[in-house]
4 protein chains.
Amino acid sequence: MASALISKYDLIMKASLSLFTERGFDATTIPMIAKRAEVGTGTIYRYFDSKETLVNVLFQESIQRFSEKVKRNYSEMPVREGFRHIFCCLVQFTKESDYALFFLETKKDAHYLNETSKKMIENLTQMLDDFFNKGKTEGVIRSLPSNVLIAIVLGAFLKLYQLMQQGDIEMNADLISELEQCCWDAIKLHSLTSEE
Amino acid sequence: MASALISKYDLIMKASLSLFTERGFDATTIPMIAKRAEVGTGTIYRYFDSKETLVNVLFQESIQRFSEKVKRNYSEMPVREGFRHIFCCLVQFTKESDYALFFLETKKDAHYLNETSKKMIENLTQMLDDFFNKGKTEGVIRSLPSNVLIAIVLGAFLKLYQLMQQGDIEMNADLISELEQCCWDAIKLHSLTSEE
Amino acid sequence: MASALISKYDLIMKASLSLFTERGFDATTIPMIAKRAEVGTGTIYRYFDSKETLVNVLFQESIQRFSEKVKRNYSEMPVREGFRHIFCCLVQFTKESDYALFFLETKKDAHYLNETSKKMIENLTQMLDDFFNKGKTEGVIRSLPSNVLIAIVLGAFLKLYQLMQQGDIEMNADLISELEQCCWDAIKLHSLTSEE
Amino acid sequence: MASALISKYDLIMKASLSLFTERGFDATTIPMIAKRAEVGTGTIYRYFDSKETLVNVLFQESIQRFSEKVKRNYSEMPVREGFRHIFCCLVQFTKESDYALFFLETKKDAHYLNETSKKMIENLTQMLDDFFNKGKTEGVIRSLPSNVLIAIVLGAFLKLYQLMQQGDIEMNADLISELEQCCWDAIKLHSLTSEE
DNA sequence: GATGAATGAGCTTTCATTCAT
DNA sequence: AATGAATGAAAGCTCATTCAT
C-alpha cells in the first residue's frame, strides 16, 4: 500500500537518462536501467515499446523542455540579454536534472535517433538560428554561420557541464557568470579597436 | 604482384577509427570493422588482442601524435602565439586524418579506456594546464581553472569539427583564422575598458 | 498448468553431465547442451556464469555426493568390509545417475578444473588414503603407496563402468559381487602360501 | 646445412602425442602442436590432411606398435607367463615413449576416431580376448567376459601410468613386478581354499 | 499492472585450414 | 618443401524482448 511517490514511468526515465549520460546509449543495457530504477525489466516494456523508443522519448522530452524554457519571451530581448537568457536556460536545466542535457552530447546523426527526434533538433537549431541572425543583423554578433556559433557555445557548455558532473569543478553564481561572459566573448563582434 | 599498398594493420586502424568516430565504441561491431577494412574478422585478432585493445591503441596513437605535434617548441612562444599554435595543431590533425580527433569526444571515464590511456589524457591535460597557467600569470588569460579553459576551447572545437565532418561547413583559411580568434576571445582576459 | 516437472537447472545439469561424460569437456558445446536439455542457450547462462563454472559445479556436486556416501560410518568397519562399502558406493552412484562418476575420468590437472575442485579431489583422496593406511597397518592390504592402490581400484572400476555405459555388459548382483572380489584381490595382501 | 636429425614428420607426431595425452584431442590446437614441434602450422598440413587424420595416424601407430610387441611369440607361453608378457609390453611401451599409451585413455567411441582406428581396437581386443579365453579354459583365469578382464587390467594400468606421468610415483623393477602381481591377482582364479 | 525467467539473434572471439610467398 | 598471414565457420556469451505467472 501507499508508496508510488514517484511513478514507475518517471523512475525509468530518470534511471535511463542518468545511465545514457554516463555510459552512452549502446553501453547501457535494459537490465541496468531496471536495476537503477528498481523495477522489473518487463515493466520497462509496459511504458516503452523498445529501448530505441525509450531513448527517443527521453531525447524529445529533454529537448522539448529546454526549447520551451528558451522560447518564453526571449524574442523581444536585446541580443546580449537574449544570449544570457539562453545560457541561463542551459544552467537551470543542469540544476533541475543532473542529466537533462543528454541531447547536447548526442550527435544529430546518432544511429538510434528517429525522425521526430531529428526534426526537433532542427527546430531548436532553427530557433537559435533566428536569434543569432538577429544578432548578426544588428552587428553585435560575428557574422559566422549560425550552426558555427551554436557549435561554439554548446560545445563549450557541454564540456563544462561534463567537468561539473565528474565533480572536477563546482558551479557557483560567480563562475556561471564568468563562463557566460566567456561564451559571449567567443561569438560577439568585437569593436574594431586594436585587438590582439 | 603489386597489391598490399596499405598494410592490413593500417586498414584496420583506419576502418575502426572512422567507425568509432561515427558510431561510438559500443555501437561499432567487429564485423563492421572487418567489412570496412576489407579483411576477415579473424584478421583483426592477429593484430589486436581484443576490441578493447584496439580502441586503446587507437586512442593512444591519436593522443600521442597530437601531443607531439603540440609539444614541438611551443613553450618559448608568447602566449597568444602559443594558443594559435595549439589551435593549428587541432586543425592540422583534422586535415591529416579525418578521424584523428577521436580522443576529443571520448570522456576520460569511458568504460573501455585502460589505465595507460587515462594516463595519457592526464599528461596532455597537464601540458595544456602549464600553458594556460603561464597565460594566467602573465595576465593575458582569464584566471579560471585550467580544466575550465581547456573545456571551453576543446569543447567548441569538437563541435566545429563534427559540423565539418557532417559536411555542414567547409573549412578554409579565413574561417579557421576567425574560429581561432573566437576561441581566443573566449578565454583571453579582456582589458577593463567598457565592454558588454 | 502442470509442466516443469524438472527444473531447468536440473535439466541443464543432467544434459551437460551426460555430454561431458560421452564426449569430454572440450568437445561438448553449449548449443549441444542447450539442445539436449531442451532450453535456450541463454538459459544456461542464467544458472551458470560460464561453461567452466558449469563443469566445476557438476564436478564438485558429483564428488561431494560420492564423498558423503562413502564417509557414512565406514571408519569403524573392518577393512574388508570397508572396502566392500566403498565399492558399493561406486556401484550405487552409477545406479543413481548414469553419469555421476564423471569425476573418475577427469584427470586432476585438467585445464578446466578450478582450485575448489582440485581441493575436493585431494580431500577424497585423503579419505581413501586413510582407509588404505589402516588396511596396511593391519597387514591385510599390500604395502603399496595409497595413491597406487586407489589408482588400481578406481582405474579398473572406471573402465568397467564405461563398458556398462556402452551397453557391452549388464551389471547384476552376481557380477558386481565378483568384480568387487577382483578389485579386492588386486590389493589384498595374499598369505605367503604357495601362490602363482 | 646439416640439421634434420629428426624428421619434421616425427617432430609433429611426438609433439601432438604429448599434447593429446596432456590435454586431450579437443583442447589441443594446431598452433600448439606447431609450436611444440617447432614447425610452421602449414607444415603440419603437408604431412597430415587434417587434425583428425593426425590423431588417427597417431592412434593407429600406437596401437599397431603395441599389438606387434604383444603378438611376438606369446601364444605358446603358459597363461601366467603370457600375462606377464602383456604387462611388460605395457611397461616397455611407457618407457619407449612417455605418451605412447594414448590409446588406453581413448574411449572406443571417441568422436574423432575413424573406422580404421575402431577396427584396430577391435583387433587388439580380439587378440587379448583369445588370450583370456585360453586362460579361462585352462581354469587359471576367472570366468568373466574377456572385455571385463581387459577393462580391469588396462583400467588399472592406465591410472598407474598417469600417476607416473604426473610424477607422483617412480617406476622401478620391484614396483613394476608387484603391480603386475596385483593385476594378475585381480583376474586369476583363486583356489577354493578359504579366502576372505 | 508488475515481474523476472526464458529465449535466440547477434555479438566477440577462436582455430582448423588455405595459399601466396 | 616450409612458412605463417589470412580467413570464416562456429564457438562462448550477452541482452533486447516476450510472456506465463
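Throughout, protein chains are lettered first and strands after them, A, B, ... in sequence-line order, and every chain is numbered starting at 1. This is a predicted model, so every value here is computed, not measured.
Nearer to the 5' terminus of DNA chain F, by closest-nucleotide assignment, is the contact made by B:I44 (compared with the other of A:E52 and B:I44). Nearest-nucleotide mapping onto DNA chain F: of B:G42 and A:G42, the residue sitting toward the 5' end is B:G42.
In this structure, D:D49 places its CG atom 9 Å from P of E:dT17, rounding to the nearest Å. Between C:F48 atom CZ and F:dT14 atom C1' the separation is 18 Å, expressed in whole Å.
A:L124 and A:I63 make their closest contact through CD2-CG1, 3.7 Å (heavy atoms, listed as atom of the first residue, atom of the second, distance). Heavy-atom minimum distance, A:S62 versus A:F93: O-CZ, 3.3 Å.
Looking at the side chain of D:T41, the nearest of the listed nucleotides F:dA9, E:dG1, E:dT18 is E:dT18. Taking only side-chain atoms of A:S50, from C-beta outward, the nucleotide of F:dT17, E:dA2, F:dA1 with the closest atom is F:dT17.
The shortest distance between side-chain heavy atoms of A:V57 and A:Y47 does not fall below 4.5 Å. Side-chain contact between C:D26 and D:F25 is absent, with no heavy atoms from C-beta onward closer than 4.5 Å.
The partner of E:dA6 is F:dT17, judged by Watson-Crick or G-U wobble contacts that both fall below 3.5 Å. For F:dA1, there is no paired base (Watson-Crick or G-U wobble, both distances below 3.5 Å).
Phosphate contact (OP1/OP2 of E:dT3, side-chain N/O of A:T43, threshold under 4.0 Å): present. Listed pair D:Y45 / F:dA2 fails the phosphate criterion, with no side-chain N or O lying under 4.0 Å from OP1 or OP2. Using a 4.0 Å cut-off, some side-chain N or O of B:K8 falls inside it from OP1 or OP2 of F:dT7. Listed pair A:Y47 / E:dG1 fails the phosphate criterion, with no side-chain N or O lying under 4.0 Å from OP1 or OP2.
A donor and an acceptor atom, one from each side chain of C:E22 and C:Q165, are nowhere located under 3.5 Å apart.
Residues from residues 17-38 of chain B lying near DNA chain F, meaning a heavy-atom separation below 4.0 Å, are absent.
One finds no salt bridge joining D:K8 and D:E38 here, because no Lys/Arg side-chain nitrogen approaches an Asp/Glu carboxylate oxygen to under 4.0 Å. Using a cutoff of 4.0 Å between basic side-chain nitrogens and carboxylate oxygens, D:K107 and C:E105 are scored as salt-bridged.
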